[in-house]
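Down below is the structure, laid out as structure tokens.
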Amino acid sequence: MHPAPSVIFFSTFSGLGFGLLFFLGLGFPGVTGWTAFAFFTIAYLLAVGGLISSTFHLGHPERALKAFSQWRSSWLSREGWCAVAALVIMALYGVGLVFFDARWTLLGILGAILSIGTVFTTAMIYGQLKTIPRWNISLTPAYFLSISIAGGALMAGQVTWAIALLVIAGAIQLATWMIGDKAFATSGTDMASATQLGNIGTVRAFEPPHTGTNYLLREFVHVIGRKHAQKLRVIAIGLMAVLPVVLLLLPFNHFIALIAVLAHVAGVLASRWLFFAQAEHVVGLYYGKR
Amino acid sequence: MTTLPQTTEKKLGLVIDLDTCVGCHACVISCKGWNTENYGAPLSDQDPYGAEPSGTFLNRVHSFEVQPPQGEAQLIHFPKSCLHCEDAPCVTVCPTGASYKRVEDGIVLVNESDCIGCGLCAWACPYGAREMDAQEKVMKKCTLCVDRIYNENLPEIDREPTCVRTCPAGARHFGDLGDPDSAVSQLVAERGGVDLMPEQGTKPVNKYLPPRPKDALPEFDVLAPFLEPVIAEPKGFLGWLDKALEKI
């Protein structure tokens with residue numbers, strides 16, 4: 001799949017922002033007043049910034065409101081509803097904390113559930129696609145959720161939780177890679193099933209439909225950079241999980257915490273780039289490519 | 001509404017005969033010609049006369065080489081367009097309701113004025129049947145020539161998809177695949193028509209007729225053993241040259 005920067009930034013930063021909102025909603029850290037204002041500002045900048053970035057890959061962003069209409073069937077529409085509901089509820093909850101020094105617990109819990117629900121709907125947009133076997137596994141929502149919650153704990157300064165959740169996120173990331181690497185081969189879709197010519201003999205793509213490229217090849221057959229995938233995986237997991245955990249185990253200070261956050265974000269960006277760049281769409285089979 | 005209808009009154013679709021297709025791409029050209037100036041946004045080209053031409057097509061013809069365990073390789077031309085699936089994954093993922101499957105005839109269409117150009121439907125389609133137009137930024141796909149098949153301004157003979165009308169080899173057939181007595185359904189039954197990527201669970205309406213088995217030519221003419229054999233050993237100058245070269 002073509003790794004579009006807008007979608008990589010969106011899923012990384014809004015995941016982090018909603019992860020932070022999840023912890024704020026549950027009351028960790030139990031901040032009020034201007035400290036709460038600072039935490040909520042950071043969370044909203046990340047979550048809303050990510051959402052705005054996701055509209056950059058739309059052909060007609062001016063029609064984006066129409067995307068709220070099909071929540072019955074479409075995970076993308078559900079994501080829109082979840083995101084707006086989470087942001088509205090958490091804003092009300094934040095108003096209580098910042099201006100009235102009041103913790104409306106139930107509202108916070110509801111906001112936390114909606115925040116994490118938004119990350120789940122994002123994951124399901126990818127996880128539902130049978131056409132991309134690497135994504136069509138139950139680990140895909142686990143991958144998005146674990147990184148979002150671990151990043152949220154890190155941002156919220158919940159050191160003990162952050163260490164445990166980063167280790168879990170790292171483990172799920174490794175499992176996602178190991179199972180994802182085999183997913184295409186075990187999906188049952190190959191050139192024989194795509195062409196239904198396998199009972200005659202071995203099928204090979206002889207000539208593409210056109211001499212030039214096309215939308216399908218640009219969007220779905222991305223092979224550039226895959227050769228560095230193994231190195232990038234080491235970099236991704238090192239920055240995303242290993243380094244932040246090591247830094248958090250050191251005596252706490254705010255500078256080390258900042259480095260841990262920056263390393264985590266860089267690692268998640270690399271991981272998300274790989275998530276797209278390594279994903280192979282079955283339509284590539286018609287072009288003899290993966 | 002992007003939830004799929006439980007059933008459709010008809011299942012209009014195409015039957016494509018891989019035994020007959022000669023790979024001339026006439027269907028590709030007629031499709032582009034008709035659909036760029038009728039239903040919906042035109043099918044744009046980028047850099048059409050330059051170094052890197054690219055454009056939107058609703059129908060593309062691939063060519064595959066198939067090597068049987070024994071005998072000669074076969075070349076099979078393979079037209080591919082929207083299969084108007086009964087369980088169309090492209091429809092259910094659409095967030096705006098721009099994509100829909102018609103209850104009356106099963107045709108999968110895009111309402112372009114509702115399309116936000118997110119591209120998710122193209123991601124969901126295993127067949128590469130949907131292409132985002134780079135100029136109009138909306139999703140384009142085969143309409144089964146919905147503006148021809150019911151068009152009473154056209155002579156009756158032209159009221160079929162333009163790819164079918166154009167095919168010089170008779171490799172494309174159009175009809176109601178939901179009616180077991182229709183000509184296309186009988187053709188599918190007779191020739192063992194198949195679904196592409198059945199494991200994807202899309203239940204395509206369009207069917208593909210596999211190539212018929214090739215005639216096997218005998219190794220040699222039945223009279224060959226009675227004929228004078230071709231001289232195996234060269235004589236004269238060539239014979240001398242052959243021996244001389246052998247010795248070197």
Side-chain angles (χ1 to χ4, degrees), chain A residues 1 57-64 66-80 125-126 128-132 187-189 191 193-216 218-220 281-288, chain B residues 1-4 18 25 28 52-57 60-69 73-76 78 80 89 91-98 113-120 122-128 131-132 134 136-138 194-201 208 210-211:
Chain A
M1 298 296 290
H57 86 284
L58 296 182
H60 285 276
E62 76 279 6
R63 300 174 188 160
K66 290 178 193 277
F68 289 99
S69 65
Q70 303 302 316
W71 51 271
R72 286 180 196 82
S73 71
S74 168
W75 281 105
L76 184 50
S77 189
R78 289 170 195 163
E79 182 196 41
I125 293 171
Y126 304 111
Q128 68 177 332
L129 296 171
K130 284 188 83 171
T131 50
I132 302 163
S187 71
T189 300
M191 284 195 76
S193 84
T195 60
Q196 294 291 309
L197 296 171
N199 54 350
I200 302 175
T202 314
V203 187
R204 186 174 78 88
F206 182 77
E207 198 175 37
H210 293 84
T211 51
T213 185
N214 62 34
Y215 167 76
L216 300 169
R218 285 190 296 269
E219 187 78 357
F220 301 123
H281 194 290
V282 294
V283 76
L285 293 168
Y286 288 107
Y287 292 83
Chain B
M1 186 81 327
T2 54
T3 42
L4 289 161
L18 297 178
H25 290 239
V28 178
E52 287 178 31
S54 168
T56 311
F57 287 80
R60 293 180 184 265
V61 179
H62 297 253
S63 296
F64 296 107
E65 180 200 77
V66 185
Q67 178 65 61
Q74 297 178 25
L75 186 60
I76 292 153
F78 199 98
K80 188 162 57 58
V91 170
T92 50
V93 298
C94 177
T96 67
S113 60
D114 277 355
C115 176
I116 56 172
C118 68
L120 192 56
W123 291 20
C125 172
Y127 309 108
E131 299 191 16
M132 180 97 77
E136 296 287 336
K137 311 280 187 198
V138 292
V194 289
D195 293 346
L196 303 185
M197 291 188 187
E199 72 286 350
Q200 287 274 334
Y208 281 74

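In what follows, every chain begins at residue 1, and chains take the letters A, B, ... in the order their sequences are listed.
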field: Part of A:L129 within contact of chain B (heavy atom distance under 4.5 Å)
entry: side chain

statement: Output for pair (B:L120 CG, A:Y126 OH), nearest 0.5 Å, gives 8.5 Å

- line: Tightest non-hydrogen contact, residues A:Q70 and B:T96, listed as CG-C, 3.4 Å

- prompt: Closest approach of A:P209 and B:H25, non-hydrogen atoms and distance?
  reply: O-CE1, 3.4 Å

statement: Most contact-rich option vs chain A, by heavy-atom pairs under 4.5 angstrom, among B:A134, B:C115, B:P211, is B:C115

message: If you count heavy-atom pairs within less than 4.5 Å of chain B, which of A:I132, A:L76, A:V283, A:T202 leads?
response: A:T202

message: For a quick test of reading the model, state the closest non-hydrogen atom pair linking B:C94 to A:S74 and the distance between them.
response: O-CB, 3.4 Å

task: Determine yes or no for a side-chain-to-main-chain donor-acceptor pair under 3.5 angstrom, with B:H62 supplying the side chain and A:Y287 the backbone.
output: no

field: Among B:G55, B:P126, B:P68, residue most engaged with chain A (heavy-atom pairs, under 4.5 Å)
entry: B:P126

- prompt: With a 4.5 angstrom heavy-atom cut-off, which part of B:Y208 approaches chain A: side chain, backbone, both or neither?
  reply: neither

query: For B:T56, is it the side chain, the backbone, both or neither that has a heavy atom under 4.5 Å from a heavy atom of chain A?
result: neither

task: With a 4.5 Å cut-off on heavy-atom pairs, point out which of A:V282, A:T211, A:T213 contacts chain B the most.
output: A:V282

query: Do you know the tightest heavy-atom contact between B:A122 and A:Y215?
result: CB-OH, 3.7 Å

message: Treating B:S63 as the side-chain partner and A:F206 as the backbone partner, does any N or O pair qualify as donor plus acceptor under 3.5 Å?
response: no

query: In chain order, what residues pass the side-chain hydrogen bond (donor to acceptor under 3.5 Å, both in side chains) check against A:K66, with sequence neighbours excluded?
result: B:D114

- request: Look at B:E136, B:E199, B:K137, B:E131 and state which one has the largest set of heavy-atom pairs under 4.5 Å with chain A.
  value: B:E199

message: Counting only non-hydrogen atoms closer than 4.5 Å, does A:E219 touch chain B with its backbone (N, CA, C, O), its side chain (CB onward), both, or neither?
response: side chain

statement: If one checks every heavy atom of A:Y286 against chain B at 4.5 Å, the contacting part turns out to be both

- request: Starting at CD of A:Q196, measure out to CG of B:L18 and round the result to the nearest 0.5 Å.
  value: 10.0 Å

- request: Grab the two heavy atoms, one from B:P69 and one from A:I200, that are nearest each other, plus how far apart they are.
  value: CD-O, 3.7 Å

- request: Give, as side chain, backbone, both or neither, the part of A:R218 having an atom under 4.5 angstrom from any heavy atom of chain B.
  value: side chain

Spatial distance of atom NE2 (A:H57) from atom CE (B:M132) [nearest 0.5 Å]: 7.5 Å

- prompt: About how many Å separate OH of B:Y127 and OG1 of A:T131, when rounded to the nearest 0.5 Å?
  reply: 11.0 Å

message: Does B:E52, at its CD atom, have more than 12 non-hydrogen atoms belonging to other residues, nucleotides or ligands within less than 6.0 Å?
response: no

task: Side chain from CB out, backbone as N, CA, C, O: work out which of these in B:V61 comes under 4.5 Å of a heavy atom of chain A, or both, or neither.
output: backbone

Atom group of B:I76 that falls short of 4.5 Å from chain A, counting heavy atoms: side chain

- prompt: Judged by atom type as modelled, is there a donor-acceptor pair below 3.5 Å linking the side chain of A:S193 to the main-chain atoms of B:M197?
  reply: no

field: Portion of A:A205 that has a non-hydrogen atom of chain B nearer than 4.5 angstrom
entry: both

message: In the structure I gave you, are the side-chain heavy atoms of B:R60 and A:N214 within less than 4.5 Å of one another anywhere?
response: yes

- request: Heavy atoms only, distances under 4.5 angstrom: which of A:A67, A:G201, A:S77 has the most pairs with chain B? Name it, please.
  value: A:A67

With sequence neighbours excluded, residues passing side-chain contact (heavy atoms from CB on, under 4.5 Å) with A:V203: A:M191, A:T195, A:L197, B:F64, B:V66

query: Using non-hydrogen atoms only, which part of A:E79 is less than 4.5 Å away from chain B: side chain, backbone, both, or neither?
result: neither

query: Is there a side chain to side chain contact (heavy atoms under 4.5 Å, CB included) between A:R63 and B:V138 once you walk through the steps?
result: CA-CA 11 Å; A:R63 300 174 188 160; B:V138 292; 3.8 Å; yes

statement: Ranked by heavy-atom pairs below 4.5 Å to chain B, first place among A:P61, A:G212, A:A194, A:P208 goes to A:A194

